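Since the model is a prediction, treat every value here as computed from it, not as a measurement. Values reported hereafter were calculated over all heavy atoms of this structure, with side chains retained and with hydrogens, waters and symmetry mates removed. Every chain is numbered from 1, with letters handed out A, B, ... down the list of sequences.
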Amino acid sequence: MIGFEGRRLNVLIVEDNINFRRLLRTILTSIHVHDVMESEDGESALDLLRTYPADLVLLDWKMEPMDGLAFMHRLRQGPDSPNPTVPVIMVSGYTDAALIAQARDVGVNEFLAKPISAKSLMTRVIAVIDSPRPFVKSGRYYGPDRRRKQVPLKESERRNRS
Amino acid sequence: MSADGKPQFIQPPNHVKDKVSVTSNGIDFDTLEKAEQLIAGMQDSYLEWVDEDLRKLQALEAQLDGAGPRLQVFKDIYSISHDVKGQGGSFDYPLMTVIGNHLCRYIERLGDVEPSDKNVGVVKVHISALRLVIAQRMSGDGGKMGDNLIRGLEAAINKTTAAK
């Protein structure tokens, strides 16, 4: 029995470290994802997305000249964005809670801390596929609903929407 | 946001779900094992990559002995150590991740202050420890030797912190 069959999936890896790109590609290959493209920074990734129909983006944080956060802003909110709703998994060694919150606030779907394992990456990929969240446009935010649990709010907890 | 100020909810097309089949149990053990075997097969390549990172660290370390400013050198060391930290654990060298993490946190705490001789000493000890782990092929937790190594590094950091 095959638990995961990703042969038709197109994945874009945006990562400046060539060795880490190799690792990600190897894990993807093991789950039969062979259509993989690579970019070394956000700017070249945006260019690539104009012609490459990515179903999923694996994104590093610290890159030059355009880092992962700037990429996310242009991807989700840019008027010329080639694919504003594509799911993004940020894969980073920067794991402070404040930084993870920043990633969430620019519309990242999932966060994965380095070092990664095959299991941790696959778990995030499956989370994106199996539990897609609706997108929300609210104030300056555009991205997946940041509330993971859909529980009704009490009257006193309701956000001020004025 | 909609005209009445309420958040707008949009359901994007889920192309991914149409293209992928996932069983109810998600990834099965065979697939996972195959993936881990492929990663294990990359260990020789990892040792080459990390060796290159260690050579870069050694070259930067040598710059710290000169009379020039050290702050930028520390930033460059941070950048390489961060990569080392992010990769070690994936290739069964978790000690590289632990030591790389110690080194990054230590440099972060120094902020933008020109590093002192004591700071240089601590950074050098960490770089030596990274080299030792690879030279001795201390995969896994490194056993007692790994344990002693980490304790020694923590003691070195505590010593400079206490001496402030």
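Surrounding CZ of B:Arg151 are at most 12 heavy atoms belonging to other residues, nucleotides or ligands under 6.0 Å away. Atom CD of B:Gln11 is surrounded by more than 12 heavy atoms from other residues, nucleotides or ligands within 6.0 Å.
The aromatic rings of A:Tyr94 and B:Tyr78 lie tilted to each other, with the angle between the two planes from 30° to 60°.
To the nearest 0.5 Å, atom CZ of residue A:Phe20 and atom CG of residue B:Asp83 are 9.5 Å apart. Note that the CG atom of A:Asn19 and the CG atom of B:Asp53 stand 7.0 Å from one another [nearest 0.5 Å]. Residue A:Thr95 holds its OG1 atom at 5.0 Å from NZ of B:Lys85, rounded to the nearest 0.5 Å. The CD1 atom of A:Ile27 sits 4.0 Å away from atom CD1 of B:Ile39, with the distance rounded to the nearest 0.5 Å.
Contact annotation: the side chain of A:Leu23 never approaches that of B:Gln87 to less than 4.5 Å [non-hydrogen atoms, C-beta and beyond].
Hydrophobic clustering (ILVMFWY, side-chain heavy atoms < 4.5 Å, transitive): B:Leu47 and B:Ile80 are in one cluster. In the hydrophobic cluster analysis, where Ile, Leu, Val, Met, Phe, Trp and Tyr join through side-chain heavy atoms closer than 4.5 angstrom, A:Val106 is grouped together with A:Leu12. Under the 4.5 Å side-chain contact rule for hydrophobic residues, B:Ile157 and B:Val84 share a cluster. Each of A:Phe135 and A:Met90 belongs to its own hydrophobic cluster when Ile, Leu, Val, Met, Phe, Trp and Tyr are linked at side-chain heavy-atom distances under 4.5 angstrom. Under the 4.5 Å side-chain heavy-atom criterion for grouping Ile, Leu, Val, Met, Phe, Trp and Tyr, B:Leu149 is connected to B:Met145 within one hydrophobic cluster.
Only the side chain of B:Phe91 comes within contact range of chain A, with at least one heavy atom under 4.5 Å from a heavy atom of that chain. With a 4.5 angstrom heavy-atom cutoff, A:Asn17 touches chain B only via side-chain atoms. Within the 4.5 angstrom heavy-atom criterion, no atom of A:Pro144 approaches chain B. At a 4.5 Å heavy-atom cutoff, the contact between B:Ser90 and chain A is made by backbone and side-chain atoms alike.
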Quiz item: Does the side-chain contact (heavy atoms from CB on, under 4.5 Å) test come out yes or no for A:Ile18 and B:Trp49, once each step is laid out?
Solution: CA-CA 10 Å; A:Ile18 185 174; B:Trp49 307 336; over 6 Å; no
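The two atoms that bring B:Thr31 and A:Ser30 nearest to each other are CG2-O, 3.9 Å, heavy atoms only. Summarising the geometry of B:Pro12 relative to A:Pro134, their closest heavy-atom pair is CD-CA, 4.3 Å, with the distance given to 0.1 Å. Of all non-hydrogen atoms in B:Pro7 and A:Val136, the two that sit nearest each other are CB-CG1, 4.1 Å. Of all heavy-atom pairs between B:Glu36 and A:Lys119, the closest is OE2-N, 3.9 Å. B:Leu32 and A:Ala118 make their closest contact through CD1-C, 4.2 Å (heavy atoms, listed as atom of the first residue, atom of the second, distance).
Options A:Pro53, A:Gly93, A:Ser92 differ in how many heavy-atom pairs under 4.5 Å they form with chain B, and the most are formed by A:Gly93.
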